[in-house]
Amino acid sequence: MKRYNPSEVEPKWQKIWSNSSTHTAEDFSDRPKFTILTEFPYPSGTGLHMGHLREYTLGDIIARYKRANGFNVLFPMGYDAFGLPTENFAIKNKISPQIATKQNTANMRRQFDAMGCSIDWNRSFSTTDPEFYRWTQWMFLQFYRAGLAYQDEIAINWCPFCKTGLANEEVINGRHERCENLVEKKMLKQWMLRITDYAERLIDGLENVDYPARIADQQINWVGRSEGAEIDFVIASEATTAPVSSETGAGQEQSSQKTTLDPSPLSEKVVRDDNLIKVFTTRPDTIFGATFMVLAPEHPLVQKITTLEQKDEVGTYIRAVEGKSEIERQETDREKTGVPTGAYAINPATNEKIPIWIADYVLMGYGTGAIMAVPAHDERDYEFATKFNLPITEVVSGGDITKTAYLDEGTMVNSGEFNGLNSTEASKTITNWLIERGVAKRKTQYKLRDWVYSRQRYWGEPIPIIHCDKCGAVPVPEKDLPVELPAVEHYEPTDDGESPLSRIESWVKTTCPKCGKPAKRETDTMPNWAGSNWYYLRYYDAHNDKVFADPEKLKYWDMVDLYLGGMEHTTLHLLYSRFHHQFLYDQGLVPTPEPYAARRGQGIILAADGRKMSKSLGNVVDPTEIINSGYGADAARLGVTFLAPYDQTTPWSPEAVAGCYRFLTRVWNLTQQVKEKPAIKADDELLRAEHRTIKKITDDLDKMNFNTAIAGLMEYLNVLSKNPAKVSRANLETLLELLAPFAPHIASELYEQLGNQNSIETTDWPRYDENYLTDSQMTIAVQVNGKLRGEITVDTDAAQPDIERAALALDNVAKFTNDEIPAKIIYVPEKIINIVVKS
RNA sequence: GCGCGAGUGGCGGAAUUGGUAUACGCGUUCGACUUAAAAUCGAAUGGGGAAACCUGUGCGGGUUCAAGUCCCGCCUCGCGCACCA
């Protein structure tokens, strides 16, 4: 009898698969199509890691399962190779990023094959292939033409270590998500994509796709929609003589705040825009309680309105704020700071004159960079007012504003004609009142920022724009795409915010496509997310050199049916690519409004010690080592899948692989026993176990309960192993067919050893027969007053009175009922009978 | 602080829907095979108890014939967002 040796079996089948077309997806097939997309890897020098093993094993299980069910499956793979890690790796090892990428992708391809992934390699590419990024650049030009790509000089997040600008989404807790260095602010002229135009659609589109609530919620929160009003506050024009002092305090009567300003309605005034401070608020109902205003220190009006007396103090404060890091500014438990500008504004509801302060708790990046402060009903304003003795006026009753700000709804007070209204209602009424008077408009505000799309690094897609002194920014003509990255000797980033490309004069110097005069190329490159924005579409038509994909093929393949990826991409790649796709849809370039019909996120595999795997902790497990250690790919695949539900973060367990290897060995050994015996008729009990297992595995796979599916296979094997002599060939073939998606090599091999000429991949998924799911007898648990007291075995078709009689006849039941007449008997068919007695 | 999720044996984790808690795997113990070890096979394995039985799913209450599951109030951990007006 031959022993199970994965290092013999697995290469044999991997070779067979690479020479066959079993895994090739067919364009325009009559079979129903199914696209299983897994996020493509970044080809780093260290190859596939544990997360990849999990993700691609799951993808492969689904692909194989769907194929067995008659689907025309597309399981594609590519490489997301632009970006910092390769560039840093190349700099360190003094080889070009192009060569590093070639080596790394070749290595990864070997690893994919060693895992036994049933990928359609005919459709593969790297985002760094000029034939691919030609279309990435082409799509950028579509954004440009539509006015959604623009240049702007703004304070952006700058990573001083990577020496490049970053998008908002790439900053996690004030640090660059890749290198974890602290991020700074830097003024730079940047290319931006107007993702904020799609804020609403990014939220609403989620209604028509199947995403887990966690992922949808995270995206909704990231977009951060708030409904409210934008309200104009007029800057009091007269020069103020009395700077704000600590005597202007909360302890004073509110009447002391009354002003002698012209009480005529504001709408009758001719108000110039630069005499206004616009604020955004979600609580227009509290406007009568706005007792001061706060501007962000960076607010453009600060210089203009600050009085002579306050110039020094304001200047000192602004310099102090500038000296703070982003992290410091984000500390929420920091004590509030701020200074008065000496200027005043008019509260449009009360017509009262209120002081204007600056403070760094107001952020320039959100809303208008200015707020109306309502200390009675906002915690931050309350804290600020308390510290600086500013008046606190209650306008919504229900709390105790001498102690804390009151945030909930209540009855309006101190609000003129609106007194007595409920605050929620008053919010609408007051907004309308302000709108009628021409001092407000309804406004929806988003946290989402436009996408900073420029990177000052070499290893990315050049932005296909030419700058001409006369014509301005001119798109590179489509026929000249791709704008290829020039080969260079020095691609180290620079400190000055210029891309290394700017030093390659021969490449930078060009002529304007419009006027033909000398011009310069844009030297910034695209972010590493650019290729992954649309890569899935390229799988549908990977080699087309006329269009990014044939519209007919786009139509056939439609949406990605299932997209598997990391939770960490929810507010990065996943959000970006949805935006990108929605734009393409608006341009009529893709047939569906959303790219992914369903999304699932796999959990992280932690080290066995429960910590994150990391090089510095020395607890990284390399999947290739598991495969090569003698356990093989099938055991590694089972091990990582059996560990826990696929979406759960869970520690790695080397013993789980050993257990799975043992399981596979037992399957192997049982097959050796059965194949040498003459064929026998199926045993009734085993047949029922077989059909129960088919149902279990099928149900589990449909629900993506992969770990319990494997447990079900193990249970079935345990049943078969108890009676090896009774096991029929059919019993075993079903086991192999159910096992095939999980452990394809051994299943293929043993299926062949059983004498089958066809490949197990050509067999249909087993179907179960309802008739075999029930037994002639069933076991019913017997309870007395809800406590288990025994079991009875009765015929499946037994009537309830007979079951009750049998239950009552148990000695143990009689003992606990004390021979009393039961008050009640509850019978749950086929499961449990509960006898209720008093006492 | 806000949003989401989770707390079950020594460990990873099972448990349609309120219906026999701990499937499956690991580990441990005992036994078989072996000169021996490994591997393999068999048995046992939540806690207490000799047993009957009692007890047990983060904590405290509740609903129910019956609660890991439902309700109320807490605690802890993980993830995401965060001075977002």
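So you know, we letter chains A, B, ... as the sequences are listed, proteins then strands, and number each from 1.
A:Ser226 comes within 4.0 angstrom of sugar-phosphate atoms only, judged by non-hydrogen atoms across all strands, and of no base. Within 4.0 Å (heavy atoms only), A:Asp647 reaches no atom of the nucleic acid at all. Using a 4.0 Å heavy-atom cutoff across all strands shown, A:Val279 reaches no nucleic acid atom at all.
Per the geometry, CZ belonging to A:Arg225 stands 14 Å off P belonging to B:A85, to the nearest Å. One interatomic measurement links the two molecules: OH of A:Tyr661 to P of B:C26, which rounds to 14 Å at whole-angstrom precision. Rounding to whole angstrom units, NZ of residue A:Lys612 and P of B:G78 are separated by 12 Å. When rounded to the nearest whole Å, the span between CG of A:Leu295 and P of B:C83 equals 19 Å. Here the P atom of nucleotide B:G80 and the CG atom of A:Leu575 are 16 Å apart, to the nearest Å. Computed from coordinates, the A:His569 NE2 to B:G80 C1' distance equals 15 Å when rounded to whole Å. What separates CH2 of A:Trp668 from C1' of B:U40 is a distance of 17 Å, to the nearest Å. When the P atom of B:A82 is taken as reference, atom CD of A:Glu169 falls 10 Å away, rounded to whole Å.
Under the 4.5 Å side-chain criterion, counting only non-hydrogen atoms from C-beta, A:Thr337 is not in contact with A:Val321. Using a 4.5 Å heavy-atom threshold, the side chains of A:Leu713 and A:Phe663 count as touching.
The gap from the C1' atom of B:A37 to that of B:A32 amounts to 15 Å, rounded to the nearest Å. A gap of 11 Å separates the C1' atoms of B:G12 and B:G27, to the nearest Å. Taking atom C1' in both B:G1 and B:C11, one finds a spacing of 36 Å when rounded to whole Å. Here the separation of B:G68 from B:C33, taken at their C1' atoms, is 43 Å to the nearest Å. For the P atoms, the distance from B:A52 to B:U40 is 35 Å, rounded to whole Å. Using C1' as the reference atom, B:C2 and B:G13 are 32 Å apart when rounded to the nearest Å. B:G46 and B:G9: their C1' atoms are spaced 5 Å apart (whole Å). Spacing of P atoms, B:U63 relative to B:U69, comes out at 15 Å, to the nearest Å.
Under the Watson-Crick and G-U wobble criteria, each requiring two contacts below 3.5 Å, nucleotide B:G49 is left unpaired. Pairing of B:U63, defined by two Watson-Crick or G-U wobble distances under 3.5 Å, is not identified with any nucleotide. In this entry B:U35 has no Watson-Crick or G-U wobble partner, no candidate having both defining distances under 3.5 Å. Pairing for B:U28 goes to B:A44, judged as Watson-Crick or G-U wobble with the two contacts each under 3.5 Å. Of the nucleotides present, B:C75 is the one that pairs with B:G7 by Watson-Crick or G-U wobble criteria, both distances under 3.5 Å.
A:Lys336 contributes a side-chain N or O that forms a donor-acceptor pair with the base of B:C83 under 3.5 Å.
Judged by distance alone, the side chains of A:Tyr361 and A:Glu383 never bring a donor and an acceptor atom under 3.5 Å apart. In summary, the side chains of A:Glu39 and A:His569 do present a donor paired with an acceptor at a separation below 3.5 Å, with no hydrogens or angles considered. Using modelled atom types and a 3.5 Å distance limit, the side chains of A:Trp222 and A:Glu169 yield a donor-acceptor pair. Inspection of the A:Glu409 and A:Thr424 side chains reveals an N or O donor paired with an N or O acceptor under 3.5 Å.
A:Arg666 has no side-chain polar atom (N or O) that falls below the 4.0 Å cut-off from OP1 or OP2 of B:U40. In this structure, A:Arg611 does not reach the B:G78 phosphate: none of its side-chain N or O atoms is under 4.0 Å from OP1 or OP2. Put simply, A:Arg662 has a side-chain N or O that comes within less than 4.0 Å of OP1 or OP2 on B:U40. For A:Lys787, a side-chain nitrogen or oxygen approaches OP1 or OP2 of B:U55 to under 4.0 Å.
Not one N or O on the side chain of A:Arg599 forms a donor-acceptor pair closer than 3.5 Å with the backbone of A:Tyr211.
When distances are taken from the side chain of A:Asn221 to each of B:C54, B:G3, B:C83, the shortest belongs to B:G3. Set against B:C41, B:G80, B:C4, the side chain of A:Arg214 has B:C4 as its closest nucleotide.
Partner of A:Lys695 under the side-chain hydrogen bond (donor to acceptor under 3.5 Å, both in side chains) criterion, chosen from A:Thr698, A:Thr693, A:Asp699: A:Asp699. If you run ring-ring contact (aromatic ring centres under 6.0 Å, His included) between A:Tyr198 and each of A:Trp451, A:Phe579, A:Tyr446, A:Tyr576, only A:Phe579 comes through.
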So if I define the base as every atom that isn't primed, P, OP1 or OP2, how would nucleotides 7-24 of chain B read as a B/S/- string at a heavy-atom cutoff under 4.0 Å?
-----BSS--B-BB--BB
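Where A:Val836 and A:Glu379 each meet RNA chain B at their nearest nucleotide, the meeting point lying more 5' is that of A:Glu379.
A cation-pi arrangement is absent between A:Lys336 and A:Phe384, since the terminal nitrogen or guanidinium carbon is not both under 6.0 Å from the aromatic centre and inside a 45° cone about the axis.
Against the 90° criterion about 0, the sugar-base torsion of B:G9 places it in the syn range.
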